[in-house]
Amino acid sequence: MILYPMNELLQDKIGSRYELVNLVAHRAREIARQETNDDPLEEKPVTMALNEAQAGVLPIPEREENL
């Protein structure tokens with residue numbers, strides 16, 4: 001099992017742990033939807049999403065600033 005340090009996962013664009021969890025969960029669901037019965041995934045979707053977060057390539061949607 002790989003341990004993912006929070007300080008490495010939290011990037012400048014991600015403001016909190018809560019937001020990070022939501023982004024990883026959303027990305028994992030997207031990855032899971034792409035899986036087909038004929039072509040199974042090599043890793044679990046959450047692991048793949050965490051790897052993307054650690055590499056800094058996790059898609060982060062633009063958020064609106066409400067003032």
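Note that the structure is predicted; figures quoted are calculated from it, not measured. Note: hydrogens, waters and symmetry copies are ignored here, and every other heavy atom, side chains too, is used.
- By the 4.5 Å heavy-atom criterion applied to side chains, Glu35 and Pro40 are counted as neighbours.
- Tyr4 OH to Leu50 CG: the interatomic distance, rounded to the nearest 0.5 Å, is 5.0 Å.
- Salt bridge present: Glu30 and Arg27 bring a charged side-chain N and a carboxylate O closer than 4.0 Å.
- Scanning both residues, Ala49 and Ala28, for their nearest heavy atoms gives CB-N, 3.9 Å.
- Taken together through direct or relayed side-chain contacts under 4.5 Å among Ile, Leu, Val, Met, Phe, Trp and Tyr, Val46 and Val57 form parts of separate hydrophobic clusters.
- Remark: Leu9 CG to Ile14 CD1 distance equals 8.0 Å, nearest 0.5 Å.
- Between Ile31 and the choices His26, Glu52, Glu43, the side-chain contact (heavy atoms from CB on, under 4.5 Å) rule is met once, by Glu52.
- Here the CG atom belonging to Leu20 is positioned 9.5 Å from the CZ atom belonging to Arg17, to the nearest 0.5 angstrom.
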